[in-house]
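Convention: sequence-line order gives letters A, B, ...; per-chain numbering from 1.
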Amino acid sequence: MSWIHVQHHMALSPSNPPPPPRLAAAATTNSKSANFSQIPSWVSLKRTSSSSSVKTTPPLQQGRVENLHLVSLSKQAKLKEARVFLEQMDEAGVYVTPHSYESLLETCRNLRSLSDGIYIHDRMRRRTVKNPSGFLENCVLRMYCDCGSLVDAQTVFDEMADRNLGSWVVIMSAYAEAGFLDQSFRLLSDMLGLGIKPTSMIYTGLLKYLVNPSLVEIGRQLHSHVIRSGLGSNVAINTAICNMYVKCGWFEGAKLVFDQMDEKDSVAWTGLMVGYTQAGKPEDALDLFVKMVMEGVELDQYVFSIVLKACAGLEDLNLGRQIHSYIVKLGLETDVSVGTPLVDFYVKCVNFESACRAFERISEPSDVSWSAMICGYSQIGKFDESVKIFKSLRNNSLILNSFIYTSIFQACSALADFNLGAQAHADAVKRSLISHLYGHSALVSMYSKCGRLDYATQAFESIAAPDTVAWTAIISGNAHHGNASEALRLFRRMQDRGVRPNVVTFVAVLTACSHSGLVVEAKNYMDSMHSQYGVDPTIDHYNSMIDIYSRAGLLQEAFELIKSMPFDPDKTSWKCLLGGCWTHKNLELGEIGAANLLQLDPEDTAGYVLLFNLYASTGKWEEAAGVRKTMTEKNLKKELSCSWITVKGKVHRFIVGDKHHPQTKEIYSKLEEFDQTLMNNENGLLTEEDDVSYTFPERKQQLVVHSERLAMAFGLISTPTNTPIIIFKNLRACKDCHEFAKHLSDITGRRIVVRDACRFHHFQSGQCSCNDYW
DNA sequence: AGTGCTAGGT
């Protein structure tokens, strides 16, 4: 039994749509030559009695249903099934129509599946398609080009019987896109040699791949050729030339061409504005917009998207609002291509409420619109809202893109949510939605900030060609985990690979030095930044250096640097000095530091705390009392200290002296097992966790357990002994708790990781990775 | 035919 002898009828007409494919149900009664077991019943043409009654309809073309099924498989991107089905059609001798081939080739192109494309092409040559039309040949050609096999494309092109202008466009553009401009131009001269007159498509196909400053000379030559060939007034070509010049950074050329265009529509204007905006000249783009409006050019949604981007670049809230009202007047604010950049504009101007309102007006928000909102929430620190959007998009099977995943990795970094971060990572891998570099760098940083430097390293190693940002992420990760030597080794490896460090890289390098007390090395990096790397130090670098000197007790050097650096010292500069003065008990410089700090910000709580400690540690109790009094008068309250730990995906938060946790009893009794001399606060200093009233000497008996210890104790009783206890806290670790963690790691044999506001501490066998230097 | 918005590292 073969299909081609079976009658066709109306089963597939619109009024009687086919039932959904029932793949398994159809696997029944086929015999002999062809095995049709995988064909849905509505394709195999065995019909029941009811169908034979519709005899009035003329039989459709033989093989029609099979070809429809083939096209349907290909449209669903089921190329594997399509190949199996093709073979069955072959065996049954069913003709495959050119339209089916066209559809299959298109799917191969879209999926970039060269192997399937080769298979289809082979089959076309072997089988029925003896004289393919020029159109179908072009489909094959385009398939090879899009699948990246220019060699095959060239062979097809050379052997084409029915070459048309489209064929030339396809192969020339493909060579240009792949960077083989010499081949494109070789073909252009072949073409001219054959007396074929190129159309505008030929030129625009080439011009769009010349948008690189190094190619501007070639672009100029092509431009002059275009003029000589008589196409100098073609709008499309001139627009493309204009785009090429502006994206090559040759603004005069672009303007010249633009001004000489007789007719220019919004596309030409938009292109030029894009060029200016990308080149960091948003003002010029906005000038063009004003001109455009005055000349009465019709404005479309694309115009507004780029204008809003320009406004966002300038963070010009006023101008943006004016344009917004213009958009509303034109009734364009519900259009997703206008609404989305509008949301982004308000986010960039840190006006989240307006962003929300703009978002609400979009009639059909796209994944890009949601992406902009996710960024907005992250920007105002509402990372949990970002995560909420992500989860609801995912649960509702809405479209997600690599931008969204990148933002979610960032949110997980900020929330230190390892579980969600790892889940999102797996999810993104499954959907092939990790952006090549952006996503990977965000992953490196996410894993590192979640305390998993091992995963961060793995994520980094999986990047084929890490760029400056990716290297910086892994260097910074090692720096914060206290692996200074590894950080510096990576810094050298980066340079060996020819990747240039930038300002941020040096922040990471100095951070590594700072956390390990590498004063000399830091000084060398600082000195070589400008001379050797051409990177000018910013105040952040100077502050790092001040911090390094101060921690090392080189307070005079720190002070000299503050006075001599080419920036006005900011709060951080003085705070670094003051911190060092406390640790190294230098009253004189400490008072200078505190005076300057409190002059810059009289409300800086940390400044008072440091000064209090400085006085207390040098026995100046009267002065210390004065500081405390000032704090009370100013009603300065410290940020509430808290520590948290994730157990089985649930976050357990503790504050100082917390007794709210359901397992409070077990937690406190666990703590009592450990040495009482390691209770906190024994030295009477004010720590980050303490309320001022608890820490005064006369009150020192009133001990309150720090949040960090509560979290550690809870970790001990609720996690398996072979796993590290990972604690996060919002403030810096206090010295006593640090000692306590060392002690705990020693007697319990557990690995303990504590991330405080500055860095990670890895405790093992009574030692900390920071070597007590932090 | 030629055009747009969203993302990484301190």
Side-chain angles (χ1 to χ4, degrees), chain A residues 169 199-205 207-208 234-244 246 261 264-275 277-278 285 300-312 335-345 347-348 362 365-376 378 401-410 413 433-446 448-449 456 459-460 463 466-477 479-480 501-512 538 540-541 543-544:
Chain A
V169 171
T199 54
S200 62
M201 290 253 286
I202 294 280
Y203 294 114
T204 53
L207 284 163
K208 72 173 160 212
N234 180 293
V235 195
I237 295 181
N238 279 327
T239 306
I241 287 173
C242 212
N243 277 322
M244 173 202 55
V246 76
M261 284 171 74
K264 25 181 190 269
D265 52 18
S266 66
V267 178
W269 289 87
T270 307
L272 201 55
M273 289 195 284
V274 170
T277 310
Q278 284 179 352
D300 60 15
Q301 66 272 42
Y302 296 109
V303 174
F304 285 108
S305 62
I306 189 60
V307 166
L308 287 166
K309 186 188 159 94
C311 289
D335 188 314
V336 66
S337 355
V338 179
T340 305
L342 196 53
V343 171
D344 178 59
F345 161 74
V347 167
K348 295 239 165 78
I362 303 175
S366 68
D367 53 323
V368 182
S369 324
W370 286 111
S371 184
M373 285 301 283
I374 289 174
C375 290
S378 292
N401 60 39
S402 61
F403 290 73
I404 292 177
Y405 279 99
T406 304
S407 298
I408 292 306
F409 297 148
Q410 272 184 292
S413 301
L433 280 180
I434 295 192
S435 146
H436 173 54
L437 272 175
Y438 283 66
H440 271 107
S441 300
L443 268 177
V444 171
S445 175
M446 183 271 287
S448 153
K449 286 177 180 165
F460 175 76
I463 306 174
D467 66 355
T468 303
V469 175
W471 281 103
T472 304
I474 193 67
I475 292 171
S476 169
H480 283 106
N502 65 15
V503 267
V504 186
T505 317
F506 280 100
V507 172
V509 166
L510 291 174
T511 304
T538 68
D540 294 330
H541 301 95
N543 284 343
S544 266

What is the nucleic acid contact for [X], judged by heavy atoms within less than 4.0 Å: base, sugar-phosphate only, or nothing?
X	result
A:Asp540	base
A:Thr340	base
A:Asp367	nothing
A:Val504	base
A:Asp265	base
A:Gln301	nothing
A:Ser435	base
A:Val235	base
A:Cys375	sugar-phosphate
A:Lys264	nothing

Discussion item. Just to verify, what does A:His480 make a ring-ring contact (aromatic ring centres under 6.0 Å, His included) with, not counting sequence neighbours?
Written reply: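 With sequence neighbours excluded, A:His480 shows a ring-ring contact (aromatic ring centres under 6.0 Å, His included) to A:His515, given in chain and number order.
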Worksheet, complete the sentence: Footprint ends on DNA chain B, 5' to 3', for atoms under 4.0 angstrom from a heavy atom of chain A, come out as B:dA1 to B:dT10
Worksheet entry | Partner set under side chain to side chain contact (heavy atoms under 4.5 Å, CB included) for A:Asp265, not counting sequence neighbours |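 Partners of A:Asp265 under the side chain to side chain contact (heavy atoms under 4.5 Å, CB included) test: A:Val267, A:Ala268.
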Discussion item. Run the side chain to side chain contact (heavy atoms under 4.5 Å, CB included) test against A:Thr277 and tell me which residues pass, sequence neighbours left out.
Written reply: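 Partners of A:Thr277 by the side chain to side chain contact (heavy atoms under 4.5 Å, CB included) criterion, ordered by chain and then number, come out as A:Ala285, A:Ile306, A:Lys309, A:Ala310.
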Validation: residues 434-442 of chain A side-chain donor-acceptor distances under 3.5 Å, sequence neighbours left out:
unit_1: A:Ser435; atom_1: OG; unit_2: A:Tyr438; atom_2: N; d: 3.4
unit_1: A:His440; atom_1: ND1; unit_2: A:His436; atom_2: O; d: 2.9
unit_1: A:Ser441; atom_1: OG; unit_2: A:Leu437; atom_2: O; d: 3.1

Discussion item. Can you list everything that forms a salt bridge (Lys or Arg N to Asp or Glu O under 4.0 Å) with A:Lys348? Sequence neighbours excluded, please.
Written reply: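 Checked A:Lys348 against salt bridge (Lys or Arg N to Asp or Glu O under 4.0 Å); matches are A:Asp344.
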Worksheet item: Does some side-chain heavy atom of A:Ser369 sit less than 4.5 Å from a side-chain heavy atom of A:Val336?
Response: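 Answer yes - side chains close enough.
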